[in-house]
Protein chains: 2
Amino acid sequence: MAEPLDTSTGNTPAAHADTRTNLLDAAEHLFAHEGVDRASLRSITRAAEANLAAVHYHFGSKEALVREVLARRLGPLNERRLRLLDEAERDGDNPRLEAIVGAFVLPALEMVQRERGGHAFARFVCRTFSEPDEAFRDLVLDQFREVVARFSNAFERALPGLPREELFWRFHFTVGSMVHTAGLGFLAYQLSDGLCDPEDIEGVGERLIGFLCGGLRAKAVGHEA
Amino acid sequence: MAEPLDTSTGNTPAAHADTRTNLLDAAEHLFAHEGVDRASLRSITRAAEANLAAVHYHFGSKEALVREVLARRLGPLNERRLRLLDEAERDGDNPRLEAIVGAFVLPALEMVQRERGGHAFARFVCRTFSEPDEAFRDLVLDQFREVVARFSNAFERALPGLPREELFWRFHFTVGSMVHTAGLGFLAYQLSDGLCDPEDIEGVGERLIGFLCGGLRAKAVGHEA
DNA sequence: GTTTGAATCAAACGTATGTTTCAATTTCTG
DNA sequence: CAGAAATTGAAACATACGTTTGATTCAAAC
């Protein structure tokens, strides 16, 4: 009985594993395109050119594999968000709203476009958000909690006078647009008959930031700002 | 071999079936809470107090059951949207943006709150949006196409000068916020530590409309309106 | 009261799945 | 090079699933 090495986040320098990475890549792709349940370990290991037992050797179970697939990218993604927020707050004590929204939104869009398999991952996370299995959803949400705390504070300072309840709702709406766009941008292509190009993340990012800032700055109903 | 009666949409006056409705209700609930794949016909029929074979007798297959669950509410929901848009356009030839957005957003929120099982259904649809199985996704999108066509025209007239590409993207962002809110409003409750109340659909609707109109009216970047 | 078709039921079928096992092999280490 | 540990491999296991079958109950029609 051999214990596979720790690799928790993708930060460790690839250790020695190839099979392990192949499994994560294949699983990510298939989870996104077929769903966690429909993607069988047999199809995953076949795609990764590994033996069926490799999943249990390297991860212990299918559920643990799902967790690893999520954790591998979610950690770095949220770290990037926090780092960009740090930068924005360093520049001016009261950064522009556009910079805050950008720090929240752009890392996701960039990951989709630039990282190999990013598209599949975004779609997978989008799925996981509405995942009924609490274990998986909590895994995403726990990674998300610090981000929510930091960004809601930043929003609060950038939008003085906005009631906290209103602010959290607007944050919620923001997350919705962001997730829908990062994970399901192809729907915009489909529904606009090819007019919208989800590959052009710079354009999409600009548009999304503009839209969200407009919404975040809207006059609060029933409240005198 | 007996052919079960037509009930396509929920419009037919309940025909004579009880088991059939029980199956749809139970399936809707379990699809939302466990996902289509994890919800077995055995658990569905148990919840509906029906026999295992009843699903195949009344619907033919599990996939057909999924389709029925979707179609039962999706048709009326989108009809309601179109009717409200008609009313808004009848009132003034150029209705206020708020009225258009409301016609798009409120039927979903109201269904969640007012119809029995509406919450479960919204969550299920939210899942289906990111469903990898094209057959299910297309079922949702096909029901959605006329709505998109009508509303994008209305938006276009309410927001003159906005390039069509920008307009479709903003519609896309709008859908994201709406779906995220109708299906996953409980996340706002969780992430705001109980500050946001997803049950208060009047409040949520007002906030969502305000937010979306702010975003839709934002100055388009890179374009002189 | 018998007949007919719809609806329900218990039981089984075939298959695909996650998991386990243990031998074979490769890779590192002293 | 020898030995130990890590990794891969082929096969089997138990289980849960969607589906099918054929008998049975039930309600109305004649």
Side-chain angles (χ1 to χ4, degrees), chain A residues 1-8 12-31 33-70 131-133 135-136, chain B residues 1-7 12-28 30-31 33-70 131-133 135-136:
Chain A
M1 257 163 270
E3 280 292 325
L5 301 185
D6 157 277
T7 39
S8 46
T12 46
H16 60 94
D18 211 27
T19 301
R20 203 188 143 87
T21 307
N22 288 342
L23 285 171
L24 287 170
D25 290 343
E28 181 175 77
H29 184 261
L30 287 166
F31 287 165
H33 287 83
E34 306 186 357
V36 172
D37 295 308
R38 293 176 135 92
S40 69
L41 292 186
R42 283 171 176 79
S43 66
I44 292 169
T45 49
R46 198 182 317 126
E49 299 180 77
N51 188 271
L52 170 60
V55 167
H56 287 83
Y57 176 73
H58 286 283
F59 302 97
S61 70
K62 184 180 183 180
E63 190 177 316
L65 172 64
V66 177
R67 275 197 296 270
E68 284 279 342
V69 170
L70 282 174
E131 177 68 45
D133 190 315
F136 295 153
Chain B
M1 253 166 275
E3 280 292 324
L5 301 186
D6 157 278
T7 39
T12 47
H16 62 94
D18 211 28
T19 301
R20 202 189 144 85
T21 307
N22 288 342
L23 285 172
L24 287 170
D25 290 343
E28 181 175 77
L30 286 165
F31 287 164
H33 287 82
E34 305 185 357
V36 172
D37 294 308
R38 292 175 133 92
S40 68
L41 292 186
R42 285 170 174 81
S43 66
I44 292 170
T45 49
R46 199 183 316 129
E49 299 183 73
N51 187 271
L52 171 59
V55 168
H56 287 84
Y57 177 74
H58 286 282
F59 302 96
S61 69
K62 183 180 183 179
E63 190 177 315
L65 172 62
V66 177
R67 275 197 295 269
E68 283 280 341
V69 170
L70 282 174
E131 178 67 46
D133 190 314
F136 295 153

**Prompt:** Between atom CG in B:Asn51 and atom C1' in C:dA11, what is the gap in whole Å?
**Reply:** 10 Å

**Request:** Mind running side-chain contact (heavy atoms from CB on, under 4.5 Å) on A:Leu23 and A:Phe59 for me, showing each step along the way?
**Result:** CA-CA 10 Å; A:Leu23 285 171; A:Phe59 302 97; 3.9 Å; yes

List the atom pairs, with distances to 0.1 Å, where a side-chain N or O of residues 44-53 of chain B and a protein N or O form a donor-acceptor pair under 3.5 Å, not counting sequence neighbours.
from: B:Thr45; atom 1: OG1; to: B:Leu41; atom 2: O; distance (Å): 2.7
from: B:Thr45; atom 1: OG1; to: B:Arg42; atom 2: O; distance (Å): 3.1
from: B:Asn51; atom 1: OD1; to: B:Ala53; atom 2: N; distance (Å): 2.9

**Message:** Nearest whole Å is fine: how far is C:dA23 C1' from A:Tyr57 OH?
**Reply:** 15 Å

**Request:** Scan for salt bridge (Lys or Arg N to Asp or Glu O under 4.0 Å) pairs involving residues 51-62 of chain A, sequence neighbours excluded, and state none if there are none.
**Result:** none

**Message:** What is the separation between atom CZ on A:Arg46 and atom P on D:dT8, rounded to the nearest whole Å?
**Reply:** 18 Å

**Prompt:** Between A:Ile44 (CD1) and C:dT19 (C1'), how many Å, whole number?
**Reply:** 14 Å

**Prompt:** Whole-Å distance between C:dT20 P and A:Phe59 CZ?
**Reply:** 16 Å

**Message:** Across nucleotides 14-20 of chain D, 5' to 3', mark each nucleotide with B, S or - according to how protein heavy atoms within less than 4.0 Å reach it.
**Reply:** ---BBBB

**Item:** Any B:His58 side-chain N or O less than 4.0 Å from OP1/OP2 of C:dT8
**Value:** yes

**Message:** Please determine whether a side-chain nitrogen or oxygen atom of A:Thr19 lies at a distance below 4.0 Å from atom OP1 or OP2 of D:dT7.
**Reply:** no

**Message:** Would the distance check show the side chain of A:His58 and the main-chain N or O of A:Ala54 forming a donor-acceptor pair, the cut-off being under 3.5 Å?
**Reply:** no

**Asked** Under the side-chain contact (heavy atoms from CB on, under 4.5 Å) criterion, do B:Glu68 and B:Arg20 qualify, and how do the steps go?
**Response** CA-CA 11 Å; B:Glu68 283 280 341; B:Arg20 202 189 144 85; 3.4 Å; yes

**Asked** Distance from B:Leu70 atom CG to B:Phe31 atom CZ, nearest 0.5 Å?
**Response** 8.5 Å

